[in-house]
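Each chain gets a letter, A, B and so on, in the order the sequences are listed, and its residues count up from 1.
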2 protein chains.
Amino acid sequence: MKGRKQKQVGRKAARPANVREALVRAKPPLELVLDKADIEGRVNVGLRDVARVAGVSTATVSRAINDPRLVSEELRTRIDSVIRHLGWVPDGAARALATRRSATIGAVFPTLTHGDFARAIQALQDELTQKGYTLLLACSEYKPEQEYRQARKLVERGVEALILVGEAHAPELTDFLLTRKVLYVNSFVYNPKTHGTCIGPDNRKALYRLTKYLIDLGHTRFGLVAQSTLNNDRAQARLQGVHDALAERGIAIQPSHVAEGYWGINEGRQLFRRVVANKPFPTAIICGNAYLTVGAMLESQAMGIRVPEQMSIVGYDDIEIMNELPIPITTVRVSSDEVGRRAARFLVGRLDGQAPDMNFECEAEIIARASSGPAPAG
Amino acid sequence: MKGRKQKQVGRKAARPANVREALVRAKPPLELVLDKADIEGRVNVGLRDVARVAGVSTATVSRAINDPRLVSEELRTRIDSVIRHLGWVPDGAARALATRRSATIGAVFPTLTHGDFARAIQALQDELTQKGYTLLLACSEYKPEQEYRQARKLVERGVEALILVGEAHAPELTDFLLTRKVLYVNSFVYNPKTHGTCIGPDNRKALYRLTKYLIDLGHTRFGLVAQSTLNNDRAQARLQGVHDALAERGIAIQPSHVAEGYWGINEGRQLFRRVVANKPFPTAIICGNAYLTVGAMLESQAMGIRVPEQMSIVGYDDIEIMNELPIPITTVRVSSDEVGRRAARFLVGRLDGQAPDMNFECEAEIIARASSGPAPAG
DNA sequence: TGACTTTATGTAAGCGGTTACATATGCGCC
DNA sequence: GGCGCATATGTAACCGCTTACATAAAGTCA
């Protein structure tokens, strides 16, 4: 690194006494001193410079900014003004190193482009900022191995805790967290049986209940526009919920009425077409996420299917458009905000040595709208 | 801080020679040494421990991980295995402090919940990760003063550069960046006249052209479902573009045909109702952002207005649903990905001492769809 | 073969803060 | 007045890495 200056032997020894004492005694006009300090050649002002110019020790400056009560009124104001004039900003890395606290919390989300994750992140951030922490964010793109790498990097960056999504992680990651004793939480899931604290909805239960709701409406022929369960334990759990509810009533689902895909309105359309291609088509379609649902709904309308008279369509996740389409869609609402906020509070609490290690189940509420109704007669 | 151990006088002096030499000569089974190291009482393993266990100097370990070519094959593998066994993760803060490089870039976005910002952020992150940087993210919630605070905090955290959105910032922020000589870019805008590099579409021009496109279709009665211009220079510029185009043809817009609001489909609906309440209603409605547009479109359909026969509706920003509604919507497409990617490349380039300081205008393309057509006769 | 590179490693001084411990001063009270 | 204690400041040793400089060993070449 070429920026580094030549050895600065004697720096420490040469400076303090004379300069400082001169200052203390003479108290030259502040401006003058500042200019001098500027000129002196150091690229970045440091706490030491503040101390020198203010004529105090580094310890006092440090105290003045971290716990002002420890410093006399007079020095405090003097130091403050020097800081302002010098435009000094404390160096986070140095502070982190010295205190061994980074006041940073990391999060690895599959993606930012899902509205619910975005909302959770925003809530997370608000909450953390409020408590004096910073969020360090990374994306796994639904790849466990990338999740592992990112989490590692975050730990390397000194995060004091980690927020993950889901409960299924690469084994390396679990090992890593365990051996390093990293505090973390699995968000967007509720499954007390797995390792680690979890904060989120019980995905299985949510879809179990949604399915039962449809069964109670008399439906027996179901179709699934499912989200790929690859590397997505939430989607898996939801699917499980559907199957559990159906099995309970001895209802079988025809394989050709199940289509699995990723994400997006258009994808939803395609999958929907595939599902309804096999007559007699299902009277109830359950979709795996919000955008797939919107796609299914739009396609059903394009195909002239009457909803809910001929067919009920329900989804998961309650984004605004679910309620704004010509036929508002029945769905499951989970407060992503709450997930984010709770996760933040939990971790901060633990870091501050409070808060028991407790799982938290977020409400998953069925919002019944016009897209679902009784099964058509016959 | 109670975690700190008692003064460790003599630590440095006492350790190296004897222990190390013993190791080098004796080469006891690795496992044994590891246990010992574990037991030794230090909570976190550090590079020093790795060095000690591997029987080399700290410098060698450092080199082995940062520039392996400098270390002999033999030592390299020995060190690697010790690192793995010890589960050591280098301390980012210490490294940042020593190198005075954080390999971190900060970004302050108004919100994460806008799809285009989310996409830009994701692109940003991908690109940065690829180049070995980390993204530190913050939200301003459209408040300049919060933007300032967040940016400051990011600088404190040691970011080497900053990505902002828009060109209008709190004066304190501009000052701060200037005096601290922080590298930054204004994203999502293109206006070479302002201070700082900008990367994004020319918002004014984009809507100027969109408006002209409508004028060329024969429209003369315009309505605006505008996004609030408060603290949003992009929205302002877009509005300006509309006005410029209209002024050029001497077209006046009736004040009652302008409604301003924030965000959301529902908001779009309300604003749309307000605009069309004043007969004769406009034959062309220009909306300020994607969700307002969707709202306007849905409401127009709910009201039974025939689009585009009676009225053209156009928007800004091309999110998926714009193309999936029964009447696909004409809009302006800006590649948020590109904005993010370019911003990342630019900053990384500058940091590495390449890349000239150059503004970049992203294409803003008009995507003509079914929602716009010739003005109704008469 | 000896002076001169090159290559592999070690030594120790930082990086810019924090904080334990030492010191100095002021105050209350017997 | 002297003792104890609280308050305000200073001194300097760390935090866990990197890296300039020093050193030693192994080529290279005239």
Peer 1: Round to the nearest Å and state the distance from A/Glu73 atom CD to D/dT7 atom P.
Peer 2: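 In whole Å, D/dT7 P lies 16 Å from A/Glu73 CD.
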Peer 1: Without decimals, in angstroms, what is the distance between A/Ile83 CD1 and C/dG16 C1'?
Peer 2: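 One finds 14 Å between C1' of C/dG16 and CD1 of A/Ile83, rounded.
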Peer 1: Rounded off to whole Å, could you give me the CZ-to-C1' distance for the B/Arg52 and C/dG10 pair?
Peer 2: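 Between C1' of C/dG10 and CZ of B/Arg52: 17 Å.
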Peer 1: In terms of side-chain geometry, is the basic nitrogen of A/Glu145 or A/Arg149 positioned less than 4.0 Å from the acidic oxygen of its partner?
Peer 2: yes
Peer 1: Measuring from the side chain of B/Ser62 (C-beta onward, heavy atoms only), which nucleotide among C/dG17, D/dG10, D/dT19 has the closest atom?
Peer 2: D/dT19
Peer 1: Indicate whether OP1 or OP2 belonging to C/dC15 is found under 4.0 Å from a side-chain N or O atom of B/Thr99.
Peer 2: no
Peer 1: Between the base of C/dG10 and the side chain of B/Arg63, is there a donor-acceptor distance below 3.5 Å?
Peer 2: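 Present.
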Peer 1: For A/Ala59 and A/Arg69, find the nucleotide of DNA chain D closest to each by heavy atoms; which residue's nucleotide sits nearer the 5' end?
Peer 2: A/Arg69
Peer 1: Output the single nucleotide from D/dC17, D/dC15, C/dG10 whose closest atom is nearest the side chain of A/Ala98.
Peer 2: D/dC15
Peer 1: To the nearest Å, how far apart are B/Asp67 CG and C/dA8 P?
Peer 2: 11 Å
Peer 1: Quick one: B/Arg100 CZ to D/dT19 P, roughly how many Å, whole number?
Peer 2: 9 Å
Peer 1: Can you tell me if the side-chain N/O atoms of A/Thr60 get under 4.0 Å from OP1 or OP2 in D/dG10?
Peer 2: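 Yes, within the criterion.
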Peer 1: Please collect all salt bridge (charged side-chain N to carboxylate O under 4.0 Å, His left out) contacts where either partner lies in residues 128-141 of chain B, sequence neighbours excluded, each pair once.
Peer 2: B/Glu127-B/Lys131, B/Glu141-B/Lys143
Peer 1: Toward the 5' end of DNA chain C, which comes first, A/Pro90 or B/Leu75, by nearest nucleotide?
Peer 2: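 The residue whose closest nucleotide sits nearer the 5' end is B/Leu75.
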Peer 1: For B/Thr134 and A/Arg157, test the side chains for any donor-to-acceptor distance below 3.5 angstrom and give the result as yes or no.
Peer 2: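 Short answer, yes.
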Peer 1: Just N and O in the side chain of A/Ser72: are any of them under 4.0 Å from OP1 or OP2 of D/dT9?
Peer 2: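 Checking D/dT9 against A/Ser72, a side-chain N or O does come within under 4.0 Å of OP1 or OP2.
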Peer 1: Looking only at heavy atoms, what is the nearest atom pair of A/Phe346 and A/Ile199, with distance?
Peer 2: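 Closest approach of A/Phe346 to A/Ile199: CB-CD1, 3.9 Å.
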Peer 1: Ignoring backbone atoms, test whether A/Arg95 places a side-chain nitrogen or oxygen under 4.0 Å from the OP1 or OP2 oxygen of C/dT18.
Peer 2: yes
Peer 1: A/Arg101 CZ to C/dG17 P: how many Å, rounded?
Peer 2: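 That distance rounds to 19 Å.
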Peer 1: Rounded to whole Å, please give me the gap between CZ in A/Arg48 and P in D/dA12.
Peer 2: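 My rounded result for the distance is 12 Å.
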Peer 1: Base, sugar-phosphate, or nothing: which does A/Val61 touch, judged by heavy atoms less than 4.0 Å apart?
Peer 2: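 The residue A/Val61 makes no contact with any strand.
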Peer 1: If you compare all heavy atoms of B/Tyr184 against all heavy atoms of B/Gly196, which two are closest, and at what distance to 0.1 Å?
Peer 2: OH-CA, 3.7 Å
Peer 1: How many Å lie between CG on A/Leu47 and P on C/dT19, as a whole number?
Peer 2: 12 Å
Peer 1: Start at the 5' end of DNA chain D and walk down; is the nucleotide closest to A/Leu70 or to B/Asn66 reached first?
Peer 2: A/Leu70
